[in-house]
Protein chains: 2
Amino acid sequence: MISQAIEDYLKTIYKLQHGGTENERVTTSVIADRMGVAAASATNMIKKLAEMHLLVHTPYQGVGLTGAGRKIALETIRHHRLIELYLAQALGYPWDQIDAEADRLEHAISEEFEDRIDKALGYPTIGAHGEPIPTKQGKIEDLDYPRLSDLETGQPAIIRRVSDRNPEMLRYMDQMGLQLGTRVEVREKAPFSGPLQLKIDADKEEALGLEVAYNIFVDLAP
Amino acid sequence: MISQAIEDYLKTIYKLQHGGTENERVTTSVIADRMGVAAASATNMIKKLAEMHLLVHTPYQGVGLTGAGRKIALETIRHHRLIELYLAQALGYPWDQIDAEADRLEHAISEEFEDRIDKALGYPTIGAHGEPIPTKQGKIEDLDYPRLSDLETGQPAIIRRVSDRNPEMLRYMDQMGLQLGTRVEVREKAPFSGPLQLKIDADKEEALGLEVAYNIFVDLAP
DNA sequence: GATTTAATTTAGCCATGGCTAAAATAATGT
DNA sequence: ACATTATTTTAGCCATGGCTAAATTAAATC
């Protein structure tokens with residue numbers, strides 16, 4: 001049986017490999033930090049996962065998932081994202097609460113449950129925060145959107161994805177009227193990493209902290 | 001934190017205290033048997049639960065839940081039955097599959113989730129197999145129906161509750177057209193624990209094994 | 001009441017997955 | 001090239017919750 005802990009590590013490693021900037025090493029300390037455990041605990045688990053051939057570990061260099069490891073990671077992520085979407089759409093959860101709930105449920109559901117919510121949702125391919133949902137076969141699109149914080153002034157764009165790491169930030173976005181599909185345009189960028197002046201949906205204009213803009217991914221719009 | 005194992009033991013003990021015939025001792029071996037663990041494992045856990053004041057253990061006599069223990073047991077059972085009903089009603093699960101799925105989910109859901117499915121189901125008081133659902137405050141009705149196997153010949157009755165212990169039996173009941181609400185009448189009882197001849201819903205008559213009838217609970221009907 | 005049988009408990013082991021403190025190794029700065 | 005610093009690993013510990021085998025204690029039978 002694959003334990004909850006193993007699924008969590010593989011999921012975390014997968015997301016570190018892909019989410020982060022290209023060519024960032026996924027090292028013991030980065031994994032430990034993201035998992036919220038001591039470095040020694042991560043070392044132990046990495047050793048175990050390597051023995052199980054779920055990842056390859058180059059000492060002091062970092063880890064890389066094997067096909068088998070990636071498969072488990074993607075299954076876990078699929079569960080997570082389907083559950084998140086189900087919580088949001090079927091049960092009316094706000095998007096800042098779905099991640100925590102899905103983190104616990106993702107390890108508890110059966111294939112049957114996965115299939116049933118997948119069907120109930122109409123076989124979705126995009127999750128509640130705009131992330132691609134891996135297929136049952138372990139395929140995943142890589143949607144690679146620019147960050148709102150990197151936009152040229154005057155460039156209109158549509159919000160396509162947000163980071164779900166910070167629930168407080170998600171609540172803040174809600175309050176600002178920033179959702180998936182919202183049309184935005186940067187009006188002015190302040191120097192020294194200051195806030196940017198953002199036009200929202202053709203009728204509103206607000207100052208938005210750069211950290212928030214950094215966590216919003218957009219499609220360029222005409 | 002209350003572990004999954006503790007919740008499982010308390011739930012099992014609660015059900016043994018109530019489900020079984022009056023005045024049956026809930027002993028170490030009965031608990032071990034029902035939990036599917038060795039007797040020594042049950043002894044360990046009973047010791048621990050007694051130290052936590054979740055139950056009282058009289059050596060060689062059995063255990064009894066304390067108020068605190070019963071509270072946790074009923075919370076767990078509430079989760080279980082709400083989830084079962086949700087799986088059946090919202091996701092179309094057949095009633096023989098909901099117990100296993102709920103056994104895993106019941107430990108993973110939050111209060112928020114509990115509240116949302118409770119609301120989505122319209123604040124139900126009866127579960128998918130006819131069991132009472134404990135309230136959030138830890139109250140539970142004790143519905144005490146006679147067994148179909150104990151019915152007098154000719155006495156019409158309505159199925160109100162079934163045991164969920166055996167999925168195969170539930171599938172068999174489905175096949176026979178025996179559901180909650182189904183009207184039945186015993187036509188003939190065979191001697192030596194043989195099958196009983198059962199009239200089902202005014203149009204069908206079938207032989208039903210005594211073991212099945214023993215696991216069906218009914219309301220007497222006029 | 002003594003003995004057999006059955007239930008329970010104790011003792012000691014195992015795996016999992018955390019932890020801290022110390023040692024080893026690599027990366028960095030001078 | 002060497003010293004300092006940072007990262008990683010090892011060593012050894014802890015709690016949880018299983019297990020088997022042996023010892024104990026209660027219950028049942030003669």
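Just so it is clear, the model here is predicted, and its values are computed rather than measured. Protein chains get the first letters and strands the later ones, always in sequence-line order, with residue 1 at the start of each.
- For dT7(D), the OP1/OP2 oxygens have no side-chain nitrogen or oxygen of Ser29(A) closer than 4.0 Å.
- At the heavy-atom level, Thr43(A) lies under 4.0 Å from base atoms of the strands shown.
- Toward the 5' end of DNA chain D, the nearer of the two residues Ala40(B) and Lys48(B), judged by each one's closest nucleotide, is Lys48(B).
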Take His80(B) and Asp99(B), measure what side-chain hydrogen bond (donor to acceptor under 3.5 Å, both in side chains) needs, and give me the verdict at the end. CA-CA 8 Å; His80(B) 185 91; Asp99(B) 184 62; 2.8 Å; yes
Solution key, residues 27-39 of chain A side-chain donor-acceptor pairs under 3.5 Å, sequence neighbours excluded:
{"residue": "Thr27(A)", "atom": "OG1", "partner": "Ser29(A)", "partner atom": "OG", "Å": "3.3"}
{"residue": "Thr27(A)", "atom": "OG1", "partner": "Val30(A)", "partner atom": "N", "Å": "3.4"}

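- In this structure, the NZ atom of Lys47(B) is 10 Å from the P atom of dT9(C), given to the nearest Å.
- In this structure, CD1 of Ile31(B) is placed 9 Å from P of dT8(C), rounded to the nearest angstrom.
- Within residues 56-65 of chain B, the residues approaching DNA chain C are His57(B), Pro59(B), Tyr60(B), by heavy-atom distance under 4.0 Å.
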Result block: side-chain N/O donor-acceptor pairs under 3.5 angstrom for residues 58-76 of chain A, not counting sequence neighbours:
{"residue": "Thr66(A)", "atom": "OG1", "partner": "His53(A)", "partner atom": "O", "Å": "2.8"}
{"residue": "Thr66(A)", "atom": "OG1", "partner": "Leu54(A)", "partner atom": "O", "Å": "3.1"}
{"residue": "Thr66(A)", "atom": "OG1", "partner": "Ala68(A)", "partner atom": "N", "Å": "3.4"}
{"residue": "Thr66(A)", "atom": "OG1", "partner": "Gly69(A)", "partner atom": "N", "Å": "3.1"}
{"residue": "Thr76(A)", "atom": "OG1", "partner": "Ile72(A)", "partner atom": "O", "Å": "2.8"}

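- For dC19(D), one of the phosphate oxygens OP1 or OP2 lies less than 4.0 angstrom from a side-chain nitrogen or oxygen of Ser41(B).
- A salt bridge does not link Lys189(B) to Asp150(B): none of the charged side-chain nitrogens sits closer than 4.0 Å to a carboxylate oxygen.
- Residue Tyr9(B) has a polar side-chain atom (N or O) positioned under 4.0 Å from OP1 or OP2 of dG18(D).
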